[in-house]
Amino acid sequence: MPKLDESLLLDLPPFSLLERSQIREILNRAVSKRYEEGTAIFREGHDADRFYLLLDGYLRVVRSTPGGDQVIVLHISPGQLFGIAPALRRDTYPATSIAAAESIALSWPVSLWPEFVANYPGFATESYKTLGERLGQIQETLTEMATQAVEKRVACALLRMVNQSGRKSDAGIEIAFPVTRQNISEMTGTTLHTVSRLLSAWQKDGVVSSTRKHIVVTDPHRLVVLSGLQS
DNA sequence: TCATTAAGTATGC
DNA sequence: GCATACTTAATGA
């Protein structure tokens with residue numbers, strides 16, 4: 001395993017108030033692991049034995065319906081805590097986390113959670129802040145799903161991915177991890193066919209440019225207009 | 001307006 | 001060359 005550098009955590013919100021020595025302690029007790037694209041870090045319903053911090057890559061947080069289709073609840077970007085079941089007073093994970101791209105995460109046993117909360121200033125408040133933000137985001141997409149037409153939902157989903165992971169490229173802003181039409185349909189409660197048709201139409205209009213598993217938003221403003229949000 | 005069915009092409013290991 | 005990703009048209013709720 002590679003030696004972990006303190007600078008990995010120094011600027012991340014859950015740890016930004018800590019002394020170097022405390023960060024050293026935290027790193028010394030962390031396990032670092034690499035996950036191939038498509039691999040599960042943990043699965044819904046399983047014993048929550050560890051909590052995690054994403055260092056690099058992107059994750060899909062997924063729940064499965066009784067019918068067997070899956071729903072993408074949200075994405076995790078680098079620097080975020082995840083799998084923090086102890087903060088929810090749960091002993092099982094509420095959802096499955098899948099590496100959307102090759103990813104690297106640190107993890108600690110849940111038995112250390114109370115100690116982190118007690119000893120590290122800012123850790124608890126930051127954790128609950130992340131949870132609050134996620135809840136807010138989920139509620140937002142929920143009302144969006146219930147009230148907006150498919151076209152707007154797909155536009156919003158693209159914008160969310162762009163806002164979370166967008167990188168400027170020559171052609172526009174690209175989503176930094178692989179996404180399929182199937183994935184987008186799982187985020188928006190529609191079918192991959194409808195997503196394919198929408199992306200084809202938007203490509204013809206110069207709003208997006210996509211190849212397999214790769215999407216560039218070439219005209220973000222037009223997409224915002226399509227999403228029906230004001231700005 | 002959108003899902004479903006169906007039948008195709010394109011892409012990458 | 002096979003599985004996976006993607007496209008498109010037709011039909012009907």
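Quick note on labels: first sequence line is chain A, next is B, and so on, each numbered from 1.
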* Linking Ile, Leu, Val, Met, Phe, Trp and Tyr through side-chain heavy atoms less than 4.5 Å apart, which residues share a cluster with A/L54? ->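 Besides A/L54, the cluster holds A/Y35, A/I41, A/F42, A/Y52, A/L59, A/V61, A/V73, A/L74, A/I76, A/F82, A/Y93, A/I138.
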* To do: Tell me, with the steps shown, if A/L106 and A/L4 meet side-chain contact (heavy atoms from CB on, under 4.5 Å).
  => CA-CA 10 Å; A/L106 298 181; A/L4 299 167; 3.9 Å; yes
* To do: Kindly state each residue pair satisfying ring pair (Phe, Tyr, Trp, His ring centres under 6.0 Å) with at least one member in residues 162-208 of chain A, sequence neighbours excluded.
  =>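 Every pair satisfying ring pair (Phe, Tyr, Trp, His ring centres under 6.0 Å) with a residue in residues 162-208 of chain A: A/Y58-A/F177, A/H75-A/F177.
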* ring pair (Phe, Tyr, Trp, His ring centres under 6.0 Å) partners of residues 139-173 of chain A, not counting sequence neighbours, each pair once ->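 The answer is none; no pair qualifies.
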* Would you grab the first and last nucleotide of DNA chain B (5' to 3') that comes under 4.0 Å of any non-hydrogen atom in chain A? =>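 With heavy atoms of chain A under 4.0 Å away, the range is B/dC2 to B/dG12.
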List the atom of [X], the atom of [Y], and the distance in Å for their closest heavy-atom pair.
| X | Y | value |
| --- | --- | --- |
| A/V31 | A/R50 | CG2-NH2, 3.4 Å |
| A/E44 | A/P94 | CG-O, 3.7 Å |
| A/R153 | A/G189 | NH2-O, 3.4 Å |

* Asked: Is there a donor-acceptor pair under 3.5 Å between the side chain of A/R181 and the backbone N or O of A/S196?
  ->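 Judged by distance alone, no pair lies under 3.5 Å.
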* Base-contact (B) and sugar-phosphate-only (S) positions in nucleotides 1-13 of chain C, heavy-atom cut-off under 4.0 Å, - elsewhere -> ---BBSBBB----
* To do: Output the residues of residues 61-74 of chain A in contact with DNA chain C, where contact means a heavy atom of the residue under 4.0 Å from an atom of the strand; sort by number or write none.
  =>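 DNA chain C contact set from residues 61-74 of chain A: none.
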* Asked: Stepwise, does the side chain to side chain donor-acceptor pair (under 3.5 Å) test hold for A/E186 with A/Q182?
  -> CA-CA 6 Å; A/E186 289 162 357; A/Q182 173 78 44; 3.1 Å; yes
* A/R160 side, atom CZ; A/E144 side, atom CD - distance, nearest 0.5 Å ->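 Going from CZ on A/R160 over to CD on A/E144, the span is 4.5 Å.
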